[in-house]
Amino acid sequence: MYYSKILIPTLKESPADAEVISHKLMVRAGMIRQMAAGIYSTLPLGLRVLKKVEQIVREEMNRIGGQEVFLPSVQPAELWEESGRWEFYGKELLRLKDRHDREFCYGPTHEEIITDIVRRDVHSYRQLPITLYQIQTKFRDEVRPRFGIMRGREFTMKDAYSFHTTEESTRETYSQMAEAYSRIFERCGLDFKMVEADSGTIGGSFSHEFVVLADSGEDRIGFCDSCDYASNLEKAEARAAKPNSESTSEEDIKEVSTPGKKSVEEVTQFLNVSSDKLIKTIVFETDQGLVAGLVRGDREINPVKLKNLIDCEWLNPAPEELITKETGVPCGYLGPVGTQLKVFADTEITHMSNGITGANKADTHLTGVQFGRDLKVEKVGDLRDINEGDRCPKCDSGKYKIKRGIEVGHIFILGAKYSEAMKAHYLDDQGKEKPMIMGCYGIGVGRTAAAAIEQNYDEKGIIWPLPLAPFQAVILPVNFKVDAVRSAAETIYKTLWEQGVETLLDDRSDRLGVKFKDAELLGIPLQIIIGPKNLDEGKVELKSRKTGESKLISFPEEISTVPEILAEL
RNA sequence: CGGGACGUGGCGCAGUCUGGUAGCGUACUCGACUGGGGGUCGAGUGGUCGGAGGUUCAAAUCCUCUCGUCCCGACCA
């Protein structure tokens, strides 16, 4: 590819509305252009990168027996009504009507479609298991798209679905997927972790995320510095609390006046106690009404854990007015003792003695609260957020580390949720009809490319890992008008392509400085600089984008070694 | 959906408070020189100032409405 013939509109300055590095650099490098909030056009250079990711994904999906399909992006409403998600998905689902006023949506995901395909055409246990996947444009009308292509509304995703007769078979494919995903992100040259994850609204019992470590990431993950336990923070288990060994005498429950003291901080200061003596009461609104969650004063409650402990459909922090209206207690003085709310407690609460909590009455708290004696709770479980340095729940020597990351892949075991709702049944070897067991597995293609940038850049621009680079090498003639330089450049260009090295030849009339700046911005791993002086001595210069190191090789003899040199970069 | 900010050539910005012929940098075009790190000089192209309405002799500037985009929060396979 000659630089003058390919559209790579680079910019010296980033657009004002780009915030994260990958967004800025992708725009500056002429890979993408924004069309609307969360909607982007992909230009030639950007597309070359996406195709690289897609190809790696395809190879690994095929390797574990996945079959590629291509499903419609516009989907009929009926299927979504069948699964119940037409109602449930809400505003994030982009709904459309055709000229006959029939309802459709632009697919945010494809469980309904794939389940429909399989129920029509797969009827026997002999045809199972089967894994189908596609690489498709999806649309989710996010409340707030941001971070460029990392969290757009329209995006490219690989989604795979597997169908099975048994849970064991599903787990088998699930673990093959996990391995395939690990290979994919390894091949992309990314530093990532596979972490346990909450399965969210998609349902299902078992799920892992693949998270590329980057400070700009939206996800936070906790992992053990000693064993291999790793989890999304919203699920990261707290180590089981041990009973307090120091024997304290149980005090009687007692009201104390705490006028105007609402927050944990205010109360602890006022009563001169440490915050771990407090029992914090946080109220949530759920489909089962208002509920209260209890954690120690020095902890934060984890809503995802609470939701799972309650086993409710949805859960939101309750607005103050609602709490006051329902309980008659002003905010800040709520407590679990004698409340009519359903109460769920963190395990640590059970080991507290002489706790302090709101008295369900204005300007008053209770002291000397004993779990067994004074508190009635629906259920006890792990409800608190973990902190950096907390002991690992799985091993005895490890401590939690917390890092940020970008979720690039997510795998789920769905169970029979969709197959039951949509009657995707098969006949087993006894001739009995049963619902299929399903798994589903996604990878954000554009997000993976963006994550690669978040992890590989410097002040000059992108530094592509070789497998994702739009070109592996760029030839920079010092002056393309000089015949010797020009013909050497063209010879090298031809030779490299013949050797399978995707090479860009910067044939523009600009000065070398300009070409360097662009080559660096685009992040092409290897620069081949051809100058008249070196050429006179039968040499050309190779320069690594990543290290900035350069060396001379003899021309034309050593040009054939470029593929090896690339492999070592 | 709550809070905040911003819309002026492709990109980055000034001008708005205090109304009076739309500007700067960069990019782009042409010419000359230059040719190992965004080079120099000269000559050019390109903007209904997001849109609609209003006030005024006169609106990028003041008023009203509207659309768009971004940030923080809530939300999120």
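In what follows, chains are A, B, ... by sequence order, proteins preceding strands, each numbered from 1. As a basis for the values below, the full set of heavy atoms in this structure was taken, side chains included, without hydrogen atoms, waters or symmetry mates.
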Exercise. Between the side chains of A/E265 and A/S263, is a donor N or O closer than 3.5 angstrom to an acceptor N or O?
Worked result: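 Distance-only check fails for A/E265 and A/S263.
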Problem set entry | Near-strand residues of residues 148-159 of chain A, defined as heavy-atom separation under 4.0 angstrom from RNA chain B |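 Listed by number, they are A/R151, A/M157.
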For this session: Mind listing the residues from residues 69-82 of chain A sitting with a heavy atom below 4.0 Å of RNA chain B? Number order is fine.
Result: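 When residues 69-82 of chain A is checked for heavy atoms under 4.0 Å from RNA chain B, there are no hits whatsoever.
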Problem set entry | Set of residues satisfying ring pair (Phe, Tyr, Trp, His ring centres under 6.0 Å) with respect to A/Y174, sequence neighbours excluded |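 Scan of A/Y174 (ring pair (Phe, Tyr, Trp, His ring centres under 6.0 Å), adjacent residues dropped) gives A/F206, A/H208.
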Exercise. Within the modelled atom types, does a donor on one side and an acceptor on the other bring the side chain of A/N534 and the base of B/rG36 under 3.5 Å apart?
Worked result: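 Check passes, donor-acceptor contact within cut-off.
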Exercise. Any sub-3.5 Å donor-acceptor pair from A/E142's side-chain atoms to A/R144's backbone N or O?
Worked result: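 Such a contact is absent between A/E142 side chain and A/R144 backbone.
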For this session: Could you pick out which residue, A/K91 or A/N316, lies toward the 5' side of RNA chain B when each is mapped onto its nearest nucleotide?
Result: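 Its nucleotide being nearer the 5' end, the pick is A/K91.
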Exercise. If you pin A/V478 and A/Y89 to their nearest nucleotides in RNA chain B, which one's is more 5'?
Worked result: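 The residue closer to the strand's 5' end, by nearest nucleotide, is A/V478.
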Exercise. Paired with B/rG44: which nucleotide, if any, by Watson-Crick or G-U wobble criteria at under 3.5 Å for both distances?
Worked result: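 Paired with B/rG44, as far as the under-3.5 Å criterion goes, is B/rC28.
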Problem set entry | Atom C1', compared across B/rA27 and B/rC72: separation rounded to whole Å |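 B/rA27 and B/rC72 have their C1' atoms separated by 34 Å.
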Problem set entry | A/R545/A/D458 ion pair, N-O < 4.0 Å |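 Salt bridge flag = yes for A/D458 with A/R545.
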For this session: Apply side chain to side chain contact (heavy atoms under 4.5 Å, CB included) to A/I559 and list each qualifying residue two or more places apart in sequence or on a separate chain.
Result: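 Per chain and number, A/I559 pairs via side chain to side chain contact (heavy atoms under 4.5 Å, CB included) with A/I492, A/T495, A/L496, A/V540, A/I553, A/F555.
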Problem set entry | Counter-base of B/rG9, judged by Watson-Crick or G-U geometry with both distances under 3.5 Å |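 Base-paired to nothing in any strand shown.
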Problem set entry | Nucleotide nearest A/E541 when distance is taken to its side chain, options B/rU69, B/rC71, B/rG36 |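 Closest nucleotide among those given: B/rG36.
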Problem set entry | Residues A/E237, A/K305: salt bridge by 4.0 Å N-O rule |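 Not counted as a salt bridge, because no side-chain N and carboxylate O are separated by less than 4.0 Å.
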For this session: Take atom P in B/rA74 and the same atom in B/rU16, then report the distance between them in whole Å.
Result: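 Roughly 38 Å separates the two P atoms.
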For this session: Check every atom of B/rG73, B/rU69, B/rG36 against the side chain of A/A37 and return the nucleotide holding the closest atom.
Result: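 Output: B/rU69.
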For this session: Scan A/Q34 against the nucleic acid and name what it touches under 4.0 Å (heavy atoms): base, sugar-phosphate only, or nothing.
Result: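 Sugar-phosphate, backbone atoms only, no base.
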Listing time: all N or O pairs from protein to nucleotides 3-11 of chain B that are below 3.5 Å?
| from | atom 1 | to | atom 2 | distance (Å) |
| --- | --- | --- | --- | --- |
| B/rC11 | O2' | A/E13 | O | 3.4 |

Exercise. Base, sugar-phosphate alone, or nothing: which one does A/L476 contact when heavy atoms must sit under 4.0 Å apart?
Worked result: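 Result for A/L476 = nothing.
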Problem set entry | Counterpart base for B/rU56, defined by Watson-Crick or G-U wobble contacts under 3.5 Å |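 The base-pairing partner of B/rU56, which may sit in any strand shown, does not exist here.
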For this session: Assign A/A36 to base, sugar-phosphate, or nothing according to its heavy-atom contacts below 4.0 angstrom with the strands shown.
Result: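 Sugar-phosphate, backbone atoms only, no base.
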For this session: Tell me the partner of B/rC70, counting only Watson-Crick (N1-N3 plus N6-O4 or O6-N4) or G-U wobble (N1-O2 and O6-N3) with both under 3.5 Å; none if nothing fits.
Result: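 Across all strands, the one nucleotide that pairs with B/rC70 is B/rG4.
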Exercise. Sequence neighbours excluded, which residues qualify as side chain to side chain contact (heavy atoms under 4.5 Å, CB included) partners of A/E490?
Worked result: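 For A/E490 the side chain to side chain contact (heavy atoms under 4.5 Å, CB included) partners, ignoring immediate neighbours, are A/Y2, A/F480, A/R486, A/L505.
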For this session: For B/rU45 versus B/rG25, give the span between their P atoms, rounded off to a whole number of Å.
Result: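 To the nearest whole Å, 16 Å.
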Exercise. From the list B/rG36, B/rG39, B/rG73, which nucleotide is the closest neighbour of the side chain of A/R511?
Worked result: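 The answer is B/rG39, which lies nearest to the side chain.
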Exercise. Can you pull the salt bridge (charged side-chain N to carboxylate O under 4.0 Å, His left out) pairs that have at least one residue in residues 38-50 of chain A, sequence neighbours excluded?
Worked result: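 As it turns out, the salt bridge (charged side-chain N to carboxylate O under 4.0 Å, His left out) pairs with a partner in residues 38-50 of chain A, which skip direct neighbours, are A/R48-A/E502.
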Exercise. Side-chain N or O of A/R144 less than 4.0 angstrom from OP1 or OP2 on B/rC71?
Worked result: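 Affirmative; the distance criterion is met.
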For this session: Once you apply the 3.5 Å cut-off to both distances, tell me the Watson-Crick or G-U wobble partner of B/rC17, or none.
Result: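 None - no nucleotide pairs with B/rC17, as no candidate has both distances under 3.5 Å.
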For this session: For the side chain of A/K543, starting at C-beta, report the closest nucleotide among B/rG36, B/rG37, B/rG38.
Result: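 Shortest atom-to-atom distance from the side chain points to B/rG37.
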Problem set entry | Results of ring pair (Phe, Tyr, Trp, His ring centres under 6.0 Å) for A/F185 - residues two or more places apart only |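 Ring pair (Phe, Tyr, Trp, His ring centres under 6.0 Å) list for A/F185, sorted by chain: A/F192, A/F210.
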For this session: With sequence neighbours left out, write down each residue that passes ring pair (Phe, Tyr, Trp, His ring centres under 6.0 Å) with A/H410, or none if nothing qualifies.
Result: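 So A/H410 forms a ring pair (Phe, Tyr, Trp, His ring centres under 6.0 Å) with A/F412.
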Taking only distance into account, with no hydrogens and no angle test, what donor-acceptor pairs under 3.5 Å do side-chain atoms of residues 18-33 of chain A form with protein atoms, sequence neighbours excluded?
| from | atom 1 | to | atom 2 | distance (Å) |
| --- | --- | --- | --- | --- |
| A/S22 | OG | A/E454 | OE2 | 2.7 |
| A/H23 | NE2 | A/Y40 | OH | 3.3 |
| A/R28 | NH1 | A/L11 | O | 3.1 |
| A/R28 | NH1 | A/K12 | O | 3.0 |
| A/R33 | NH1 | A/V27 | O | 2.8 |
| A/R33 | NH2 | A/P9 | O | 2.7 |

For this session: Give A/E520 one of three labels, base, sugar-phosphate or nothing, depending on what nucleic acid heavy atoms sit under 4.0 Å from its own.
Result: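 Contact class for A/E520: base.
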Expected list for residues 514-539 of chain A: side-chain donor-acceptor pairs under 3.5 angstrom, two or more places apart:
| from | atom 1 | to | atom 2 | distance (Å) |
| --- | --- | --- | --- | --- |
| A/K515 | NZ | A/P477 | O | 3.1 |
| A/K515 | NZ | A/D506 | O | 3.2 |
| A/K515 | NZ | A/R508 | O | 2.9 |
| A/D518 | OD1 | A/T10 | OG1 | 3.0 |
| A/D518 | OD2 | A/R508 | NH1 | 3.1 |
| A/D518 | OD2 | A/R508 | NH2 | 3.1 |

Exercise. So what's B/rC33 paired with, Watson-Crick or G-U wobble, going by both distances under 3.5 Å?
Worked result: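 The base-pairing partner of B/rC33, which may sit in any strand shown, is B/rG39.
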For this session: Decide yes or no, distance alone: a donor-acceptor N/O pair under 3.5 angstrom between the base of B/rG35 and the side-chain of A/K481.
Result: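 Answer yes: a donor N or O sits under 3.5 Å from an acceptor.
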Exercise. Would you say a side-chain N or O of A/K12 is under 4.0 Å from OP1 or OP2 of B/rA27?
Worked result: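 So the side chain of A/K12 is within the cut-off, an N or O lying under 4.0 Å from OP1 or OP2 of B/rA27.
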For this session: Assign A/K533 to base, sugar-phosphate, or nothing according to its heavy-atom contacts below 4.0 angstrom with the strands shown.
Result: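 Nothing, no heavy atom under 4.0 Å.
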For this session: Take atom C1' in B/rU56 and the same atom in B/rG4, then report the distance between them in whole Å.
Result: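 Pairwise C1' distance, B/rU56 against B/rG4, rounds to 33 Å.
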Problem set entry | Those residues that, when tested against A/E179, pass salt bridge (charged side-chain N to carboxylate O under 4.0 Å, His left out) (two or more places apart) |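 Partners of A/E179 by the salt bridge (charged side-chain N to carboxylate O under 4.0 Å, His left out) criterion come out as none, since no residue qualifies.
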